[in-house]
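Contents: one structure, followed by commentary.
Order of the sequence lines fixes the chain letters, A, B, ..., with proteins taken first and strands second; residue numbering starts at 1 for each chain. The structure presented is a predicted model; accordingly, all values stated were derived computationally and were not measured.
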Amino acid sequence: MAVELSKKIEIARWLIDPDHPSHEATDGEARQQISPNDLALLEKRLKEAGLFKVYEEIELPLVEILEEMHKIGIKVNLEYLAELSSELEKEISALVKKIYKLSGKEFNINSPKQLSEILFKDLKIETSGILTRKTGAFATDYETLLKLKDRHPIVEFILNYREVFKIKSTYVDPLRELADKPTFAEASAGKNGRVHTTFVQTGTGTGRLSSNNPNLQNIPILSEWGKKVRKAFVAETGFSLAAFDYSQIELRVLATVSGDPKMTKAFNNDLDIHKITASNIYNVPLEKVTSEMRSAAKTLNFGVIYGMGPDAFARATGFNRAEAQKFIQEYFSDFIYVKRWQEKTIQKAKEVGYVENLNGRRRLLPNINWPNRRFAAEAERIATNMPIQGLAADIIKLAMTCVDRMIKKNKWQNKVRMLLTIHDELIFEIKEDTLKDSMMLIQSEMENAYKLAVPLKVDKASGKNWSEL
DNA sequence: ACAATGGTCC
DNA sequence: ACTCGGACCATTGTA
């Protein structure tokens, strides 16, 4: 089955300028109908920009795979979700009562404005060190409330309320609402309690996919309530769910693009990268690395990918600014190739006005040369992040195509179903009798989907529901 | 409708 | 005062 012309055009436009909103199809609005001739023009531009391989070998093969994933959907346990919803409802009303009692009046807890009034005016909680918002109200976000925990007993209940309300309103209830409601009619396969997310292929600046209606790429995992949400995603009778995630794919990409010998060596020896980093920046032998040291190193590793500055690193770790600065300096003296690669990448971006990853996927950076340092710095962070995030995205997209091909080669279409892609992770629904064999092959396809300077490592797990993965 | 605030994920 | 990349979505409150 061939890819729709309009889809090709959408993808082509997006590849040329991924941040430009115009590639998305709009309905009623006065939007020029694009003639078939324009695709030829767009494809010519793709070739000129070195984007044609990404277009043809990564994006186009993915179109039908994503359509299939949308049609199949993932099964949710609706009875369980209904119970969970009423359990949450009870929890919410209990918390509401306590909060009203402690505040002495009824108000809308969901309103940051009203909440701020209650906390800092009515209850007269000390405001020292509390940020104020644009609107003038004091902040009431999680970080802030944590600071207030010792100042008033109500805070604990607010925190609990926030969590429970979030779970119910953002996940549990929408999932119930969206079950059996695919976006396209032809995807409907009757009432079987499946949720049909849409993976948007042209929705990000870096090349990643996004997911909406519902977004299944941000289902909770950390909290206990979050795990209960994950339990709602189940395999059909006779099937299991199986998850495969790339281990440290972005840092492996960073090791590759920077050519950093220390980082490369760490991955080639399959060592714990955060521990290695900690050992380097703290100048202690591996055996002397504590969990706190590893944790700080982990933050720093991610920070480097995101272009994090000293302030953000300090805030994330609790170090003061000077200490944070010292650690960052130490990091770059240890991983000097990483520093050099970042500088080179920014330099190049300033010259040509865009960045590109190893496959030629690009992102335009119109403000990287702006005099406004705020904007320029933001563009610089994007410049050093996109080649990493964007290559990781390419890899998983290629892996999806490889796995799809493998499934067809084995005639497993009815036994192995690709359901979800969550940036560095793929989730399948697999018939029991094929579980073991197919899991080995999927893992292998993913690990061999792309050649980096270091191995790609994929961890796998299976279970009857998502929380077991 | 849209901005502001807040929260969940990788 | 503020510098952490990429997404989606719920709710409130104002226009």
Side-chain angles (χ1 to χ4, degrees), chain A residues 18-19 107-116 131-145 158-159 161-175 177-178 197-200 202-223 225-226 229-230 245-251 253-254 299-317 321 324 328 342 355 363 372-390 392-393 396 420-426 466:
Chain A
D19 290 296
F107 66 103
N108 190 339
I109 308 169
N110 291 327
S111 163
K113 190 181 172 193
Q114 293 182 39
L115 179 60
S116 171
L131 290 178
T132 151
R133 294 297 181 213
K134 291 182 188 177
T135 54
F138 287 107
T140 68
D141 62 339
Y142 179 77
E143 293 272 318
T144 302
L145 292 179
I158 304 277
L159 286 167
Y161 172 88
R162 279 261 177 87
E163 183 191 351
V164 175
F165 192 90
K166 173 78 177 180
I167 294 280
K168 183 171 188 290
S169 66
T170 303
Y171 300 104
V172 176
D173 290 344
L175 278 176
E177 192 59 37
L178 290 169
T197 186
T198 301
F199 288 105
V200 182
T202 56
T204 69
T206 57
R208 273 188 176 180
L209 297 164
S210 73
S211 154
N212 65 27
N213 289 304
N215 181 1
L216 294 185
Q217 292 182 323
N218 74 342
I219 300 301
I221 185 170
L222 295 175
S223 70
W225 285 107
V229 175
R230 290 216 165 198
D245 71 288
Y246 281 108
S247 167
Q248 312 291 1
I249 188 168
E250 289 186 329
L251 286 172
V253 166
L254 177 58
T299 302
L300 201 40
N301 274 327
F302 281 110
V304 168
I305 292 171
Y306 299 154
M308 184 167 63
D311 285 334
F313 179 62
R315 195 155 46 82
T317 54
R321 196 211 178 96
I328 292 171
Q342 289 190 333
V355 278
R363 188 171 189 185
N372 183 324
R373 290 180 58 193
R374 167 100 158 69
F375 289 142
E378 192 179 327
E380 288 176 13
R381 287 194 297 273
I382 294 171
T384 54
N385 172 264
M386 182 273 171
I388 302 171
Q389 191 181 121
I396 196 155
L420 303 178
T421 166
I422 312 175
H423 309 308
D424 64 350
E425 182 181 14
L426 295 177
W466 196 356

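- Note: CG (A:D141) to P (B:dA4) measures 16 Å, nearest angstrom.
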If the sugar-phosphate is the primed atoms plus P, OP1 and OP2 and the base is the rest, what is the B/S/- string for nucleotides 9-15 of chain C, using protein heavy atoms under 4.0 Å?
SSSSSS-
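- With sequence neighbours excluded, the residues forming a side-chain hydrogen bond (donor to acceptor under 3.5 Å, both in side chains) with A:E177 are A:K181, listed by chain and number.
- Atom CG in A:L251 sits about 15 Å away from atom P in B:dC10, given to the nearest Å.
- At the heavy-atom level, A:A393 lies nowhere under 4.0 Å from the strands shown.
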Check nucleotides 1-4 of chain C against the protein and report each pair of N or O atoms closer than 3.5 Å, with its distance, or say if there are none.
| from | atom 1 | to | atom 2 | distance (Å) |
| --- | --- | --- | --- | --- |
| C:dC4 | OP1 | A:R315 | NH2 | 3.4 |
| C:dC4 | OP2 | A:A312 | N | 3.2 |

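- Contact annotation for A:G226: no contact, since no heavy-atom pair falls under 4.0 Å across all strands.
- When the side-chain nitrogen and oxygen atoms of A:R133 are compared with OP1 and OP2 of B:dA4, none of them lie within a distance under 4.0 Å.
- OP1 and OP2 of C:dG6 both lie 4.0 Å or more from every side-chain N or O belonging to A:T206.
- Residue contacts for A:I167: at a heavy-atom cut-off of 4.0 Å it reaches no nucleic acid atom on any strand shown.
- Taking each heavy atom of A:A324 and A:F313 in turn, the nearest pair found is CB-CD2, 3.6 Å.
- For the OP1/OP2 pair of B:dT5 and a distance below 4.0 Å, the side-chain nitrogens and oxygens of A:T135 include at least one atom meeting the criterion.
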